[in-house]
Amino acid sequence: MPDPIIECQDVSVHFGKKGVGVAAVSEVTLDVRENEIFGVVGESGSGKSTLARAILGLQTPVSGAISLEGRGLDPLPPKMARQDRAKIQYVHQDSGAALDPWWSVGSSLEEGLIVHGVRSADERHRRIERVLDAVGLNESFLDRYPHELSGGQQRRIGLARILVLEPQVVILDEPTSGLDVSVQAAVLNLILELRAKLNLTFIFISHDLAVVHKLCDRLAVMHLGHVVELGESDEVFSSPAHPYTKSLLDSVPRLDGPPREVRLRLKGEPPKASIGAVGCSYCYRCPKVRQDCSAATPVLADIGDGRRVACFAVHAPAGDGMNRG
Amino acid sequence: MSDPLLTIRDLSIDIETPTVAAKVIDHANVQVHLGETVGIVGESGCGKTTLLKAILGILPKTAVCRSGEILFEGRSLLDLWGTEESRRIRSCDIGFIPQDPYLSLNPAFTVGRQLNESLLELTGQGAYAELLRMLRAVQLPDPEGVLERYPHQFSGGQRQRLLIAAALARRPKLLIADEPTTALDVTTQSEILEVMRELANETGVAMLFVSHDLGVIRSICDRVTVMYAGQSVETAPADALVNAPKHPYTRMLLNCHPGRSHGFKGIPGQVASPLDPPPGCRFSPRCPIAIAECSRRRPQPLHPSPSQEVSCPRYEIDLETAADA
Amino acid sequence: MLIKDFLSRNSAGMIGAVLVVLACLVGISGPWIVPDPDAAFQTDIVNRLRPPSMEAWMGTDHLGRDVFSRIILGTRGALGVAFIVVAASMILGVTVGTIAGYEGGVLSAILMRITDVFLAVPQLILALALAQLLKPSYLTVVVALSLTYWPFFARTAYAETKRIASGLFVEALFSIGASRRRILCYHVLPNIAPAIIVRATIGIGFVILTAAVLSFLGMGAPPPTPDWGVAVAESRQFLPEAWWFALFPGIAIYLVVLGFNLLGDALRDFVDPRIRRSS
C-alpha cells in the first residue's frame with residue numbers, strides 16, 4: 001500500500017463562536033495516498049471546500065493535526081502557512097475568475113514562478129513551456145487574456161498555473177462544474193495524464209458522483225462537516241454502507257437501468273451544523289435511525305478492507321445492543 | 001395522439017448585433033401534446049434559452065423571426081406578440097419555473113404577498129385556497145406560515161417548490177421549466193423532480209422541461225428533443241433516446257457520460273458559432289460520419305419509427321467503424 | 001483601436017474629447033499662439049472696455065487689455081492647477097483608499113474615519129479658510145483644493161479595492177503565496193484604475209470650476225496674472241454694459257468644464273461594460 005502523503009487527524013474547523021457558530025468541519029480523519037486521486041464528495045454545506053482550505057492552510061483548524069509526508073504542519077497564520085505548504089496547491093472551481101483579467105495568460109503563469117523565487121527568466125520560460133505542453137496548449141496562448149479563452153481552456157490554464165510551481169499535491173475544486181459534458185472529458189483525461197506524467201497526487205472535490213466514481217481511486221463522503229464514509233471508490237459505489245451514501249447515490253438521475261424506480265427519498269431540510277452538537281449529523285432524515293443515533297456521535301470506524309463508516313447501524317446492526325462508538 | 005398543445009414548426013430566429021445577425025435558432029421543431037412532458041436537451045449554445053424566450057414572448061427587441069411559427073392551441077403566438085391576448089395566454093395558460101428561484105423572488109416582500117398578488121389578479125376569489133392546496137401538494141410544511149415568510153428564509157429547494165406551487169396554482173395548460181434543478185444539490189434535485197412528476201400526473205399539465213442533463217431529462221420526460229447549435233437534431237421517446245440514440249450528436253453526447261464508455265470521452269471540436277454557422281447540418285464539422293452532402297443542405301427529418309424523428313440521413317452508420325476507416 | 005471604438009460609440013464623449021484636447025493644446029502653446037502678448041498685460045486706459053472688434057475679438061477689459069489674449073494665457077493656469085490638484089489628491093486618496101480597502105480592520109476604520117471628517121467639511125469653506133491663512137497664489141489654491149478633494153478618490157479607491165480584493169483571483173494569488181505588496185501594486189491597482197481615471201476626468205472639470213470660484217473670491221492668482229475667475233470677478237462692476245468682459249471668460253470656464261464632464265461620463269459608460277464583458 002502506498003504511503004499516505006497527506007494525513008488529517010480529527011481536524012475541526014469552526015466559524016463563529018460556540019453556540020451561535022457553525023462547525024464547518026468536524027473531527028475529520030482521512031489519509032490521502034501518494035499518486036492517487038482522492039475524491040471528496042458532498043452536497044453544498046458539507047464542508048468539503050472548508051476542509052480543502054484547512055489542508056492548504058488558508059483556514060486554521062480549531063483542533064486536530066494535518067501532516068504532509070509524515071511531517072506535521074504547524075497551524076500558522078494563512079500567509080506563512082502557504083509558504084510552508086508550497087507543495088500543496090489549489091485550483092479554483094472557476095479558473096477563469098481566478099486569473100487577473102488585466103494580465104495576459106503568460107504573465108499570470110510567470111508570476112507564480114517569480115513569487116516562488118525562480119530568478120532566471122530562462123528557467124521560468126522553460127518551465128512554462130513544459131507545463132503548457134503537458135496541459136495540451138501551445139505558446140500562442142501566452143499572449144491571450146482570460147476572457148478570450150473558452151471554459152475548457154480556462155481550466156487548463158488554471159491547472160498550468162499551479163503546475164509550474166511543481167507541487168506534489170493538487171487540490172481540484174469542482175474542476176468540471178459549469179463545463180458542458182462534451183468538454184469535461186478533456187479536462188478529466190488531462191488529470192489522469194498529469195498524474196501519470198508528473199507523479200502527482202490529486203484531491204478532487206466534486207458533487208458529480210458519476211465523475212468521481214470513474215476518476216477517483218478512493219473517496220470520502222462528507223455530510224454536514226463529518227466524513228460519514230471512506231473507501232475505495234468502486235466499492236463505495238457498488239455497495240454503499242452509510243445510509244446517507246446510499247440515498248446520495250440513489251438520487252443521481254441515471255441513464256441506464258430501470259427508469260423512474262421508486263427510490264429512497266430524502267426528507268426534510270438539513271439542520272445547521274452547530275458547534276458541540278451531539279449525535280449523528282444525519283439522524284434527522286436517516287431511514288435507519290435508532291435511539292442511540294442522537295445520543296452520541298458515531299466515529300469513523302473500520303469495517304474491513306480499509307472501508308470506514310460512521311454509523312451505529314453499520315457498526316452494530318440492530319439487535320447487537322451496544323454500539324462501539 | 002391528440003392535437004398538439006404547443007407546436008414549434010420550422011422556427012428560425014436571428015438576434016441582430018451591430019455588425020452581423022446571430023442565427024441562434026435554425027429551423028427548429030418541437031411539439032408538446034396535452035398532458036405530456038417533453039424535454040429539450042442540449043449544451044451551451046444550442047438555443048434552448050432563446051427557444052423558451054420565444055414561447056414566453058420575452059425575446060429581446062433585436063430578435064427577428066426568419067421563418068416558421070409557434071402555435072399554442074392552434075393560434076400563432078408570434079402573430080399575437082404584444083397583444084392583450086398573448087399576455088393572457090402567457091399569464092394564465094403557460095406557467096414558468098425559472099432556473100434560479102432566488103432571483104425570481106423580491107427579497108423585500110413576503111412570499112405570500114408576491115404569489116397572492118399575481119394570482120388574485122388572474123383568477124379572483126378562490127386563488128388563495130388554490131395556492132394553499134398547491135403548497136401542500138409540493139410538500140411544503142405549514143402552507144399558511146410559509147406565506148408569511150421572506151424569500152431568504154427558505155432553502156433553494158423550498159424556494160423552487162414555492163415557485164412550482166405558484167406556477168401550478170394558476171392551472172396552466174403548459175408548464176415551462178428552464179433547468180429548474182441545476183442550482184440544487186442532487187438529493188434536493190431528486191425531491192423536486194419527484195414533486196414535479198407527481199403534480200404533472202395529478203393535474204395533467206403538459207410540461208416543456210429544458211435541461212443539459214440527460215439523466216434528469218430521462219427521469220422526468222416522456223419525449224425528448226435534442227438540440228445542437230440551434231437545430232433540433234433528434235426527437236424520440238425518452239427511453240428510446242438514451243437506449244438507442246440515432247443522430248451522431250446524440251450518440252456522441254451520451255458517450256460523454258462517464259458511465260457510458262471506457263475512460264472519458266468528449267466531442268472533438270467546438271460548438272458552431274451562431275455568428276458564422278456552417279451551412280447545412282451544423283454538426284457536420286464535428287461529425288465523424290459526415291459526407292460532403294451534409295454541409296451542403298440541411299438534412300430533412302427522417303422517421304426511423306413513427307415516434308422518432310432524426311435529422312441525419314446517415315443515422316444508421318456506426319460511429320466507431322467510420323472513425324477507424 | 002480602443003480609442004476609435006470609444007469615440008464611434010459616444011458622440012457626447014467625442015465632443016468632450018475634442019474640447020479637452022483643444023483646451024490642452026491652447027494651454028500648452030498659449031504664449032506662442034496668443035495674437036499680441038503685450039496687449040494681454042499692458043494697461044491701455046484709452047482703449048478700456050472696448051466691445052469686440054477686428055483688433056480685439058473679445059473686446060478689452062477695464063484696463064484696456066485684450067480679453068481674448070488673457071483667456072488664452074489663462075488656460076495654462078486653469079488647467080495646470082486642475083491637473084496638479086487632481087494628481088495630488090489622486091496619489092493621496094488612492095493610497096489611503098486602497099490600503100484601507102485591502103487591509104481592513106482597525107487601520108481601515110481609522111483611515112476611512114479621517115476621510116469622512118474631510119468629506120464632512122464643506123469643500124469651499126475649508127478652501128476659503130485655508131486660502132485666508134496663506135497668501136493668495138496658485139499654490140494656495142492647489143493646497144486648499146487638494147486637501148478637500150482627496151477624500152473623493154479615497155472613497156472610490158476604497159470601494160473598488162474592496163470589490164477587487166474579494167474577487168477570486170486575489171484569493172488565488174494569495175494561495176500561491178504572492179506578497180501583499182505584489183497583489184496591491186500589480187493586481188489591485190490596475191484593476192481599480194478605470195474607476196479612478198473616470199473619477200479624475202470628472203474631477204478636473206470640477207476643480208477648474210472651484211478654482212475659478214476661489215479666484216473670483218480673491219483667493220487665487222494675484223494680478224496681473226491672466227485668470228478666468230479673476231476676470232469674471234473684476235467684470236462684475238462693469239455689467240451689463242461691458243458684457244464681453246464677463247461673458248467670454250465665463251464661456252471658457254464653461255466649455256472646459258463641460259468638456260471634462262462629457263469625457264468623464266462617456267469614459268464611465270465605456271469602461272463599465274468592458275469590465276463586465278471581460279470578467
Side-chain angles (χ1 to χ4, degrees), chain A residues 41-46 150-153 176-193 206-216 223 237 244 246-272 285, chain B residues 41-46 139-141 154-158 181-195 197 211-221 228 238-239 241-243 245 249 252-271 286:
Chain A
V41 301
E43 299 181 282
S44 45
S46 63
S150 73
Q153 288 164 348
T176 56
S177 81
L179 288 185
D180 277 325
V181 62
S182 66
V183 179
Q184 73 180 25
V187 175
L188 297 172
N189 284 326
L190 177 64
I191 293 169
L192 286 172
E193 211 178 291
S206 181
H207 64 259
D208 189 331
L209 295 162
V211 167
V212 169
H213 183 186
K214 281 204 70 178
L215 186 73
C216 299
H223 180 260
F237 275 90
Y244 175 66
K246 272 186 197 138
S247 58
L248 196 61
L249 295 183
D250 281 343
S251 300
V252 182
R254 294 208 303 227
L255 280 178
D256 303 285
R260 298 187 184 182
E261 72 261 52
V262 183
R263 41 172 93 91
L264 191 64
R265 276 169 56 193
L266 293 172
K267 284 275 178 223
E269 296 292 329
K272 224 171 71 173
R285 57 177 180 177
Chain B
V41 71
E43 300 183 286
S44 1
C46 74
Q139 297 167 12
L140 273 173
F154 297 92
S155 70
Q158 287 174 327
T181 59
T182 302
L184 305 174
D185 276 325
V186 53
T187 52
T188 318
Q189 163 172 286
S190 81
E191 290 171 9
I192 296 288
L193 290 177
E194 185 78 36
V195 162
R197 214 154 34 214
S211 180
H212 67 279
D213 187 329
L214 270 165
V216 169
I217 288 278
R218 184 204 181 207
S219 76
I220 194 165
C221 297
Y228 177 81
D239 280 323
L241 188 96
V242 292
N243 293 327
Y249 173 65
M252 293 175 84
L253 187 64
L254 277 159
N255 271 337
C256 292
H257 282 260
R260 272 297 174 98
S261 53
H262 289 293
F264 298 105
K265 282 218 177 87
I267 303 180
Q270 294 209 324
V271 180
R286 300 170 83 181

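Every value quoted in this text rests on a predicted model; they were computed, and no experiment measured them. A, B, ... follow the sequence lines: proteins, then strands. Residue 1 opens every chain.
The OG1 atom of Thr187(B) sits 11.5 Å away from the CG atom of Asp250(A) when rounded to the nearest 0.5 Å. Rounding to the nearest 0.5 angstrom, the gap separating the CD atom in Glu43(B) from the CG atom in Leu179(A) is 10.5 Å. Atoms CG and NE2, from Leu184(B) and His207(A) in turn, are 10.5 Å apart once rounded to the nearest 0.5 Å.
Cys256(B) and Ser182(A) make their closest contact through SG-CA, 3.6 Å (heavy atoms, listed as atom of the first residue, atom of the second, distance). Minimum heavy-atom separation, Arg260(B) to Leu255(A): NH2-O, 3.7 Å. Residues Asn189(A) and Phe264(B) come closest through the heavy atom pair ND2-O, 2.7 Å. Across all their heavy atoms, Pro258(B) and Val211(A) have their closest contact at CG-CG2, 3.8 Å. Here the closest non-hydrogen pair linking Glu43(A) and Asp185(B) is OE2-CB, 3.0 Å.
Heavy-atom distances place the side chain of Gln189(B), and not its backbone, under 4.5 Å from chain A. Heavy atoms of Leu215(A) lying under 4.5 Å from chain B belong to its backbone as well as its side chain. If you measure heavy-atom distances from Ala210(A) to chain B, the contacts under 4.5 Å come from both the backbone and the side chain. With a threshold of 4.5 angstrom between heavy atoms, Val242(B) approaches chain A through side-chain atoms but not through N, CA, C or O.
Within the 4.5 Å cutoff, the side chain of Val183(A) has no heavy atoms near those of the Gln270(B) side chain.
With hydrogens and angles disregarded, a donor-acceptor distance shorter than 3.5 Å links the side chain of Lys214(A) to the backbone of Gly263(B).
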